[in-house]
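Below is one structure; the comments refer to it alone.
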Amino acid sequence: MRVLVIHGPNLNMLGAREPEVYGSRTLEEIDEQIRALAADLDLEVSIFQSNDEGAMVSRIQKQDYAFLVINPAAYTHTSVALRDAIAAAGKPAIEVHLSNIHRREEFRRVSYIAGVALGQISGFGVESYLLALRAARTYLQPGE
């Protein structure tokens, strides 16, 4: 079963961008951990990063996956288009964030994505993605 992982805007700058908030790992290092765990869980993973909202919407619309793990980054708080794409795709989704968005600025506490996701995992750094992969595996193959 294929899990699509989408990284939103500015996540390509991880490692250099505000390490006190987002940690010191690069996106490439995070992707390596995602791929390794996916292999251990017998999941096929496809990873996509974009700073462009339209490209993210188009990727979601391909629907060549069984489960979506998405870190919409700043689009979490602004993008009706991403929300609508996730809802229209009809695939189960988990929203993830490296930082705890509920402990940050007030505007970051509002998620347009949460209402169309199975759940939200935030505040655990790279582990947020790994927890989401484990949840995807359990959701896709219950009882195994």
Query raised in the report: CG/Asp42 to CG/Leu140 distance, rounded to the nearest 0.5 angstrom?
Result: 11.5 Å
Query raised in the report: Leu43, Tyr139: one ILVMFWY side-chain cluster at the under-4.5 Å cut-off?
Result: yes
Query raised in the report: Under 4.5 Å between any side-chain heavy atoms of Arg35 and Ile47, yes or no?
Result: yes
Query raised in the report: Do Phe67 and Leu118 touch side chain to side chain, with heavy atoms closer than 4.5 Å?
Result: yes
Query - Qualifying residues under side-chain contact (heavy atoms from CB on, under 4.5 Å), relative to Arg2, sequence neighbours excluded - result: Glu44, Ser46, Asp64, Tyr65
Query raised in the report: Closest heavy-atom contact between Gln120 and Ala114?
Result: NE2-CB, 4.3 Å
Query raised in the report: Does Ser128 have any side chain to side chain donor-acceptor pair (under 3.5 Å) partners at least two apart in sequence or in another chain, and if so, which?
Result: none
Query raised in the report: Measuring from Ile94:CD1 to Ile121:CD1, what's the distance to the nearest 0.5 Å?
Result: 5.0 Å
Query raised in the report: Of the non-hydrogen atoms in Ser50 and Phe48, which two are nearest, and what is the gap between them?
Result: CB-CE2, 3.6 Å
Requested in this report: Enter the distance from Leu11:CG to Thr26:OG1 here, rounded to the nearest 0.5 Å.
Outcome: 12.0 Å
Report task. Would you kindly confirm whether Val126 and Val45 end up in one hydrophobic cluster when ILVMFWY residues are joined by side chain heavy atoms under 4.5 Å apart? Result -> yes
Query - Ser79 side chain vs Thr76 backbone, donor-acceptor pair below 3.5 Å - result: no
Requested in this report: With sequence neighbours excluded, tell me which residues meet side-chain contact (heavy atoms from CB on, under 4.5 Å) with Gln49.
Outcome: His7, Asn12, Leu27, Asn51
Report summary line: Per side chain to side chain contact (heavy atoms under 4.5 Å, CB included), Ser111 is matched among His77, Glu95, Arg83 by Glu95
Report task. Evaluate side-chain contact (heavy atoms from CB on, under 4.5 Å) for Thr78 paired with Tyr112, printing each intermediate quantity in order. Result -> CA-CA 7 Å; Thr78 64; Tyr112 284 29; 5.8 Å; no
Report summary line: Of all heavy-atom pairs linking Ala85 and Ile60, the shortest is O-CG2, 3.6 Å
Query - Residue pair Leu98 / Tyr129: nearest heavy atoms and the distance that separates them - result: CD2-CE1, 3.8 Å
Query raised in the report: Hey, are the side chains of Ile34 and Ile30 touching, using non-hydrogen atoms and a 4.5 Å cut-off?
Result: yes
Report summary line: Only one of Leu82, Ile113, Ile70 passes side chain to side chain contact (heavy atoms under 4.5 Å, CB included) with Tyr75, and that residue is Leu82
Requested in this report: Tell me whether Leu37 is reachable from Leu68 by hopping between hydrophobic residues (I, L, V, M, F, W, Y) whose side-chain heavy atoms are closer than 4.5 Å.
Outcome: no
Report summary line: Of all heavy-atom pairs linking Ser122 and Ser99, the shortest is CB-O, 3.5 Å
Report task. Examine Val116 and Val57 and state if one hydrophobic cluster contains both, with Ile, Leu, Val, Met, Phe, Trp and Tyr joined whenever side-chain heavy atoms are less than 4.5 Å apart. Result -> yes
Report task. Taking all non-hydrogen atoms of both residues into account, name the closest pair between Gln63 and Ala89 and its distance. Result -> OE1-O, 3.3 Å
Report task. Kindly indicate whether the side chain of Leu4, heavy atoms from C-beta on, has any atom under 4.5 Å from the side chain of Ile6. Result -> yes
Query - Nearest-0.5 Å distance that lies between atom CZ in Arg134 and atom CG in Asp40 - result: 9.0 Å
**Report entry** Single-linkage hydrophobic cluster Val110~Val80, side-chain heavy atoms < 4.5 angstrom
**Finding:** yes
